[in-house]
Structures are given as structure tokens and as C-alpha cells.
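Here the structure comes first, spelled out in C-alpha cells, and everything after it is commentary.
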Protein chains: 2
Amino acid sequence: MTAARRSGASRERILEAAAEVVSEHGYAGTTIARITERCGLPASSVYWFFEDKDELLAAVVLHHYEGWLERRPQWRPVGPGEDLVAVLDELLRPWFRDLGEATAYLRLGQSLLLEPREHDSAARTRFVALRREGMQVFEEWFATELRRSGAAGERPPEEVAAELARLLVVATDGLVLSHRAGEGLDSDLFLDLLLDTVAEVLQGAADRPAGTAGDRTDRMGR
Amino acid sequence: MTAARRSGASRERILEAAAEVVSEHGYAGTTIARITERCGLPASSVYWFFEDKDELLAAVVLHHYEGWLERRPQWRPVGPGEDLVAVLDELLRPWFRDLGEATAYLRLGQSLLLEPREHDSAARTRFVALRREGMQVFEEWFATELRRSGAAGERPPEEVAAELARLLVVATDGLVLSHRAGEGLDSDLFLDLLLDTVAEVLQGAADRPAGTAGDRTDRMGR
DNA sequence: ACTTCCCTGTAGTGACCGTTCCATGCATAC
DNA sequence: GTATGCATGGAACGGTCACTACAGGGAAGT
């Protein structure tokens with residue numbers, strides 16, 4: 001058990017068991033008892049590694065986010081003759097295909113989002129922060145590529161990038177929920193539609209003069 | 001009897017108290033104790049009118065849905081010289097403006113969606129059913145107007161209508177969650193973007209020949 | 001061999017959960 | 001007045017929740 005101690009294998013086991021329980025029983029159905037049953041370790045071990053249930057869930061959120069960061073698409077720059085939307089398609093499609101089933105992470109996070117703000121659990125706070133961080137990954141890639149290609153037209157590239165990143169996040173959230181409702185919404189076609197919208201935003205940005213652009217976009221988020 | 005029970009004012013009080021508790025404390029924080037505290041009636045009254053907590057929540061879902069049906073936008077037909085998207089704008093904008101705060105209904109429903117399917121509570125089952133029903137309200141209006149105006153081009157109007165209805169529902173879900181995350185996503189601008197997308201779908205449907213249209217759209221839906 | 005420290009095992013804790021029991025009101029009808 | 005049935009009041013029920021007190025194991029250092 002030496003190796004187990006040093007490598008923190010028990011902590012990992014608890015973390016993974018918790019994630020499995022969340023994905024099987026949902027947020028409300030996640031109890032310490034189920035987690036201990038799942039990982040074979042007693043509750044005292046759980047409370048040895050984690051201060052309380054809230055901190056454990058926060059750790060689950062962080063754990064999954066880090067996993068996503070490793071497996072996330074590589075944001076390669078757009079080549080000279082390439083279309084930005086085509087590259088985006090290539091980057092996002094595998095991820096969208098997994099959205100229906102694979103992401104217990106998003107399910108847990110969305111449950112946390114729907115909880116009241118006031119009570120402000122560590123898990124919820126962390127998810128909101130990581131969600132924002134993840135969105136910035138999108139945003140910066142967009143901003144870089146828009147700046148390079150000049151596809152944003154008269155509008156500030158950062159502004160268009162923020163808009164597009166928000167659009168992506170909102171769309172994925174909606175897609176996950178739609179899937180949970182058992183509506184057979186096809187991820188592939190939905191991405192098609194989304195990319196069409198992205199193209200349309202870019203088109204609009206390029207066409208529109210600077211003056212009128214401000215009217216439509218200044219309200220988009222903080 | 002059942003009819004006598006359903007007409008009672010106490011039943012209504014319990015129902016409203018439950019809705020308030022849900023909107024304040026979220027799904028997980030909704031307990032019988034809090035509901036009785038809120039409405040001033042004892043738990044025995046709650047169990048006089050409702051079989052159990054699950055049935056009470058199912059009744060809350062139905063109650064709010066019926067309220068929405070009454071307050072929903074009137075789906076007036078599109079006039080001769082009018083644009084379909086412009087009318088849609090007029091119909092949806094007030095509703096979208098309320099989405100951020102007002103709809104405890106959607107918050108409860110989304111929490112139910114994120115619960116596991118197997119356990120299959122009455123409340124969850126009912127929300128899924130009403131969600132589908134509500135979506136069909138959209139769908140039929142779209143289908144009618146598309147059939148009348150011929151805006152669907154070569155594609156079957158029902159198919160385009162289904163696609164647009166799904167798009168609307170997914171977008172509203174995502175918008176509610178985004179708002180819960182505290183991202184200052186502006187509902188007005190988001191609706192602008194959404195309507196642009198609708199217009200784009202219609203444009204694509206009108207332009208595309210029948211043969212290629214099938215490739216993109218057959219996957220949308222069940 | 002002895003201490004040290006990390007982790008596990010057992011057996012709880014009180015609090016709160018949904019739910020139930022049953023006596024009591026309180027109208028209305030006889 | 002007395003009977004009838006809907007609805008309330010209050011006090012409990014067993015169960016499960018998150019969490020803890022504490023003793024013990026077992027590897028590592030000395």
C-alpha cells in the first residue's frame with residue numbers, strides 16, 4: 001500500500017467513484033453512502049481526503065475539467081487558404097459527438113447552475129469559474145484568428161470573438177438538455193446549423209458599417 | 001371526491017408555495033417542511049391534496065405550464081406583406097425578456113431533466129411530455145405559416161418547422177442556464193442572433209434544390 | 001523495538017427527510 | 001341536537017442524510 005499512499009490512489013478512487021455516482025444518480029442522488037459503496041472505502045477515508053461533500057464535488061468538477069483540457073481539441077491556427085469555419089468544424093465535431101452521453105461533467109455543472117446562488121457552494125462557484133475559463137479558450141482562439149484574417153470586418157475582433165464563444169457555450173448547454181429530454185436531436189446537424197450561424201455572424205460583421213454594428217453588439221454580455 | 005379536492009383554495013396555496021420554494025431554493029432544496037412553512041398549512045394538508053411529493057411537483061409543473069399557455073404569445077397569422085421572421089420577433093421578444101428571472105418553471109424542469117431517467121418520477125415524465133407539447137405549438141405555427149407562404153422552398157414545411165422549433169427550444173434552454181451562470185448574456189441580442197439564424201435556415205431552404213436538402217436535414221429529429 | 005504518521009475500520013452522532021396517525025375543527029344536512 | 005365528510009393541527013414514525021470520534025493497522029525512519 002505504499003504506492004497507493006504516495007500516489008494518492010485512494011483519493012483518485014473516491015473522486016472517480018463520486019463522478020460515476022453523479023452520472024448514474026444525478027446531483028440529488030449523489031450521497032456519501034453511495035460513493036463509499038462504489039469505491040469500497042469507508043466514509044472516514046472520504047473525510048480524510050476532503051473536508052466535506054461540497055469540497056468533494058468541487059474536486060470532481062476540477063478533475064473533469066482538467067481531463068477535458070487534456071482531451072480538448074488542439075486549437076491549431078487557420079492556414080492561409082483555409083476557411084475559419086471549416087477549421088472550427090473540424091475542431092468541434094468530435095467534441096459535439098460526445099456531448100450526448102459522455103459528459104457527466106456538464107450534467108453535474110448544470111445541476112449546480114440551477115441551484116440557488118445565495119447558498120454559494122464551493123462546487124457551484126468552481127464550476128462557474130471553470131466554465132468562464134473554458135469559454136475564454138474559445139474566445140481567445142477566435143480573437144486570434146479573427147485578428148489575423150480580418151474576418152471581423154469593422155467590428156472589434158474581441159467583441160465578435162466573445163459573441164461567438166457565448167453562442168457556442170449556450171448551444172452546447174441546450175444540446176445537452178435536449179438530449180436528456182430524450183429528443184433525438186442530432187448533434188451533427190445541430191453543429192451544422194451552429195456553424196452556419198457563426199458564418200452568418202462573420203458575414204454580418206464584414207458587411208455592416210461600424211456605426212450600426214455598435215447598436216447590435218454592445219449589449220452582448222459583459 | 002377528487003373534483004371537490006381540486007377546486008379547493010388550499011390546494012392552490014400549497015401549489016404556489018411549492019413553486020416559490022422551488023424558485024428560491026432550487027430542486028434539491030425543496031422540502032415539505034419549507035412548503036408547509038411557506039403556505040401556513042400543515043404537512044397533513046399537503047398529503048390530503050397530493051399523494052406524495054413527486055405528485056405535488058408534477059402538479060407544480062402542470063400548473064405553470066397552464067399559466068404559460070394562457071400568457072403565451074398569440075400566434076397570429078402572418079399578414080400578406082409581412083415578413084415571417086418579423087412576426088416571430090414580435091411574438092418571441094416579450095417572452096425572451098422574461099426568461100432570465102421569471103421562469104421558475106424552466107428551472108424546475110431543467111433540474112428534472114438532469115435527473116436520472118431510470119427512476120422516472122411523475123414530475124419528470126410530465127415535464128418531458130409538456131415540453132414536447134409546447135414545442136409542437138411552435139412547430140405547428142411554423143408549419144402553417146411555411147405552408148401558406150411557401151418559404152420552405154423545396155423542403156417539406158413540416159421538416160423545416162420541426163427544425164426551427166427545436167432550435168428555439170434549445171436556444172431558450174441554453175439562455176436560461178447562461179443566465180444562471182451569471183454571464184450577462186443579453187436576451188434581446190441573443191434573440192436577434194437566433195432570428196438571424198431562422199432567416200438563414202429559411203433562406204437555405206428556399207435556395208437549395210430538393211436533392212441536396214435531404215442530406216442536411218434528414219438527421220434533424222427523431 | 002519504538003515512535004511517527006498516513007490511512008482505514010467500526011460504530012455511532014444529531015438533524016432532517018418524506019410520510020403517517022389520529023384527534024379535532026367546522027361547515028352543512030338532517 | 002346530531003350525523004356526515006372535508007380539511008386542519010400536532011405529534012410522531014422509521015429511514016437516511018452528512019458527518020465524526022476513536023481505535024487500530026501498517027509502512028517508514030530511527
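Basis for what follows: all heavy atoms, side chains included, without hydrogens, waters or symmetry-related copies. Here is the naming used below: chain letters follow the sequence lines, and residue numbers restart at 1 for every chain.
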- request: Answer yes or no: is there a side-chain heavy-atom contact under 4.5 Å between B/L191 and B/L195?
  value: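 With C-beta onward as the side chain, the pair touches.
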Separation of [N] [atom2] from [X] [atom1] (nearest whole Å):
X     : N      : atom1 : atom2 : answer
A/L41 : C/dC7  : CG    : C1'   : 9 Å
A/R11 : C/dC6  : CZ    : C1'   : 15 Å
A/I14 : C/dG9  : CD1   : P     : 11 Å
B/R13 : D/dT8  : CZ    : C1'   : 11 Å
A/E37 : D/dT16 : CD    : C1'   : 14 Å
A/W48 : C/dC7  : CH2   : P     : 6 Å
A/I35 : D/dC19 : CD1   : P     : 11 Å

message: Nearest 0.5 Å, please: how far is CD in A/E139 from CD in A/E133?
response: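 A/E133 atom CD to A/E139 atom CD measures 12.5 Å (nearest 0.5 Å).
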message: Let me confirm one number: the CG-OG distance from A/L57 to A/S111, rounded to the nearest 0.5 Å.
response: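 Result: 10.5 Å between the selected atoms.
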message: Can you tell me if B/S45 touches the phosphate of D/dT8, counting only side-chain N or O atoms and a distance under 4.0 Å to OP1 or OP2?
response: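 Result: yes.
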- line: Nucleotide by nucleotide, nucleotides 16-22 of chain C touches protein heavy atoms under 4.0 Å in the pattern (B base, S sugar-phosphate only, - none) -SSBBB-
Check ion pair A/E183-B/R132 (N to O, under 4.0 angstrom):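 Salt bridge: no.
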- prompt: Are B/E24 and B/R34 within salt-bridge range, i.e. N to O under 4.0 Å?
  reply: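 Answer for the salt bridge query: no.
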field: Donor-acceptor contact below 3.5 Å, side chain B/D54 vs main chain B/A123
entry: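 Side chain of B/D54 to backbone of B/A123: a pair is present.
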